[in-house]
Amino acid sequence: MQQPLYITNSLTRTKELFEPVNPPYVGLYVCGPTVSGESHLGHARPYVTFDVIYRYLQFIGYKVRYVRNITDAGHFEEEGREAEDKVNEKAKLERLEPMELVQKYTNIYHDMMDALNCLRPAIEPTATGHIVEQIDMIQDIIKKGFAYEVNGSVYFDVTKYAQGNDYGKLSGRILEDMIAGSRDLDGQDEKRNAADFALWKKAPEQHIMRWNSPWGEGFPGWHIECSAMASKYLGSPFDIHGGGMDLMFPHHESEIAQTKIATGCSPVKYWMHNNMITINGRKMGKSYNNTITLREMFYGGNDVLERSYAPATVRFFILQTHYRSTLDFSNDALQAAEKGLQRLLNAYDTIAKLNASPASSVSIEKIESDCYVAINDDFNTAIVVAQLFEAARIINSAHAGTEQLSAADITRVKKLFDDFLFQIMGIKQVQQDNSADLNGIMDLVLEIRATAKSKKDFETADKIRNTLTTLGITIKDTKDGAEWSK
RNA sequence: GGUCGCGUGGCCGAGUGGUUAGGCAGAGGUCUGCAAAACCUUGUACAGCAGUUCAAAUCUGCUCGCGACCUCCA
């Protein structure tokens, strides 16, 4: 079980042996959502992915500090006008403060993460709660000569940084190409160089979120919050920084540059990036008009997919793919995942009904070891799932009598599901209502039905079965008598 | 335009030099009063072309197609 763990490091584009900076402690930072809107399907991918990573690191004994931020400030510059109008309008209609909106979307996000059974991070810092830390870091960077102030805004001097550091290493970019291909954006004339990025932005008149700073009223730049909060809570360097692939540039590239100047070292040992999701083959986005919020996904109301899907189905679907591959959501694929997960859960329930044989006809140990090999190989949950399906086949075969399992292997296969499906992959175990009352009632009902069947009174037998079905209780007739499940 | 990645059987999706991925759907069978579940059997799969090799889905080159990033984005 204690095999070496390999992680694909985006920085080197290779699989590397995972060796924490300060074992047994592991620092894990994941870029959280911008809570200026409702959580959507795109958010499910990184947070499920890194939830499994968090769970597994703990499972193999590491003491993990998981930090996942909430971006609730800044970042409104590009949307500027639209965001302002929206906020003002809603504030009038609903008497909402801007921070109230942020709180509302944060609450929804938390609810959706709970529904997906993502463990809550150890620390969930907000950008607005760390303005001081960000200003401190910016001042430090200015003092070291890698940032300059213009008209109340502060920019990071990428050109100067690139002279002694390989800016662009993470995202595979060449500075000269970027400068040549850059567009004219707001504030471009203030920058010494097109590739420079803002550490602090002067707040325009209508901008609601604003803070005092040494450079006047403004708000923090696009990337500084993660640098400030990650180094505050995890130090520098720390172990793993995760996020979506779309954040590699410019967000993470800029984080590296800022932190390297501020702390003197490259901030992260292992950069991990999950790939994007698509819907019916297209990237999800407003311009495609195919955005699905998580609430719509779970409870219905979207126009893109034909129906809603349970959080566990979405989670399982995500884990059926390796996190570095794109994942396409479609009705067919989700329904296949839904049935597949049900098959696994049914098999798990069947374990309790197995009769032990003197010896096993198959090796559970082999499946178990294959699961560890897979999860240790850059968290390949797709292969773990395949192994669990093999285990399910064995359980069902043992139940049908075509395979045999010893008492020890029955225990072992149950542990395999407990560990991998529930604990590591975080599929929520359905709470069975196995109260003594219900068991007694069901025993009686099934006995009456068996009597009816023996008298060829199928009308009564079917009525019992059909009525129970409408109550959510499934009856299955086996050669050893009827079984029920809720 | 620049950078990076992908193209696997009806659908989704692992794999990366020689050995069955797996799930869903389909077909046949077993069980069964029926149903459901389950079990057994069943698939010319690796975009195209050329090359390297004893051997390529897996390496190399070219072609075609798709996508991501380059601008807030998970």
Side-chain angles (χ1 to χ4, degrees), chain A residues 13 30-34 36-37 39-50 71 74-80 83 168 171-174 176-178 180-186 195 222 242-251 253 273-278 281-286 316-317 320-322 324-344 346-347 350 370 374 377 380-390 392-393 395-403 453 456-458 461-462 465-466 469 474-479 483 485:
Chain A
R13 287 145 219 266
V30 174
C31 285
T34 302
S36 60
S39 295
H40 55 73
L41 196 48
H43 293 115
R45 186 96 194 258
Y47 306 132
V48 167
T49 296
F50 289 101
T71 298
H75 292 225
F76 298 129
E77 192 237 8
E78 282 300 311
E79 308 152 48
S171 53
R173 251 151 256 263
I174 297 160
E176 290 73 37
D177 295 349
M178 289 164 44
S182 69
R183 303 186 200 175
D184 286 334
L185 293 168
D186 176 45
W222 300 275
M245 272 183 182
D246 53 340
L247 296 178
M248 281 173 84
F249 188 88
H251 187 58
E253 200 72 68
H273 292 95
N274 62 275
N275 215 317
M276 315 309 282
I277 66 142
T278 56
R282 306 235 66 165
K283 186 194 177 186
M284 193 181 75
K286 280 176 185 152
F316 182 72
F317 181 59
Q320 261 188 308
T321 312
H322 187 80
R324 291 183 69 85
S325 302
T326 54
L327 172 62
D328 188 54
F329 275 69
S330 63
N331 283 302
D332 287 350
L334 281 161
Q335 280 161 30
E338 187 174 71
K339 288 185 184 175
L341 175 59
Q342 195 54 53
R343 181 174 154 82
L344 289 183
N346 288 345
T350 301
D370 285 348
D377 182 14
N380 197 326
T381 53
I383 289 184
V384 172
V385 169
Q387 292 301 326
L388 291 178
F389 275 114
E390 174 62 12
R393 203 214 95 234
I395 292 164
N396 289 330
S397 294
H399 193 49
T402 52
E403 299 275 12
K453 278 178 68 176
K456 305 279 182 201
D457 179 8
F458 297 121
D462 289 348
R465 185 173 65 196
N466 293 338
T469 300
T474 308
I475 302 299
K476 289 177 197 166
D477 290 322
T478 73
K479 60 183 187 309
E483 290 177 355
S485 59

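The chains referred to below are lettered A, B, ... by the order of the sequence lines, with proteins before strands, and numbering in each begins at 1.
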Undergrad: Which whole number of Å gives the distance between the C1' atom of B:G22 and that of B:A45?
TA: 14 Å
Undergrad: Would you indicate what A:Lys453 reaches in the nucleic acid, counting non-hydrogen atoms under 4.0 angstrom: base, sugar-phosphate, or nothing?
TA: base
Undergrad: In Watson-Crick or G-U wobble terms, both distances under 3.5 Å, what is the partner of B:A57?
TA: none
Undergrad: Of the options B:C73, B:A14, B:G33, whose atoms approach the side-chain atoms of A:Asp246 most closely?
TA: B:C73
Undergrad: Just to be sure I understand the rule, does A:His399 reach a base, reach only the sugar-phosphate, or reach nothing, if contact means heavy atoms closer than 4.0 Å?
TA: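 Nothing, no heavy atom under 4.0 Å.
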Undergrad: With rounding to the closest Å, how many angstrom separate the P atoms on B:U58 and B:A47?
TA: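 Straight-line distance between the two P atoms is 8 Å.
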Undergrad: Classify the nucleic acid contact of A:Leu41 as base, sugar-phosphate or nothing, counting any heavy atom under 4.0 Å across all strands shown.
TA: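 The residue A:Leu41 makes no contact with any strand.
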Undergrad: Going by modelled atom types, is there a donor-acceptor pair between the base of B:G13 and the side chain of A:Asp328 at under 3.5 Å?
TA: no
Undergrad: Quantified in whole Å, what is the C1' atom distance between nucleotide B:G28 and nucleotide B:G33?
TA: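 After rounding to an integer number of Å, I get 23 Å for this pair.
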Undergrad: At less than 3.5 Å, do the side-chain atoms of A:Arg465 and the base atoms of B:A35 form a donor-acceptor pair?
TA: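 Yes.
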Undergrad: NA contact type, A:Gly244, heavy-atom cut-off 4.0 Å: base, sugar-phosphate, or nothing?
TA: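 Counting heavy atoms under 4.0 Å across all strands, the contact made by A:Gly244 is with sugar-phosphate only.
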Undergrad: What contact category does A:Ser325 fall into here, base, sugar-phosphate, or nothing, at under 4.0 angstrom with non-hydrogen atoms?
TA: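 The answer is sugar-phosphate, as A:Ser325 gets under 4.0 Å only of primed atoms, P, OP1 or OP2.
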Undergrad: What's touching nucleotides 22-30 of chain B from the protein side, N or O pairs under 3.5 Å?
TA:
from: B:A25; atom 1: OP1; to: A:Lys339; atom 2: NZ; distance (Å): 3.0

Undergrad: Between B:C72 and B:C66, how many Å separate the two P atoms, rounded to a whole number?
TA: 27 Å
Undergrad: Could you check which of B:C39, B:G33, B:G13 has an atom nearest any side-chain atom of A:Ala400?
TA: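 From the listed options, B:C39 comes nearest.
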Undergrad: Rounding to an integer number of angstrom, what distance separates B:G15 and B:G23 when you compare their C1' atoms?
TA: 15 Å
Undergrad: What contact category does A:Ile475 fall into here, base, sugar-phosphate, or nothing, at under 4.0 angstrom with non-hydrogen atoms?
TA: base
Undergrad: Could you let me know what B:U16 is paired to, Watson-Crick or G-U wobble, both distances under 3.5 Å, or none if it's on its own?
TA: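 Pair assignment: B:U16 / none.
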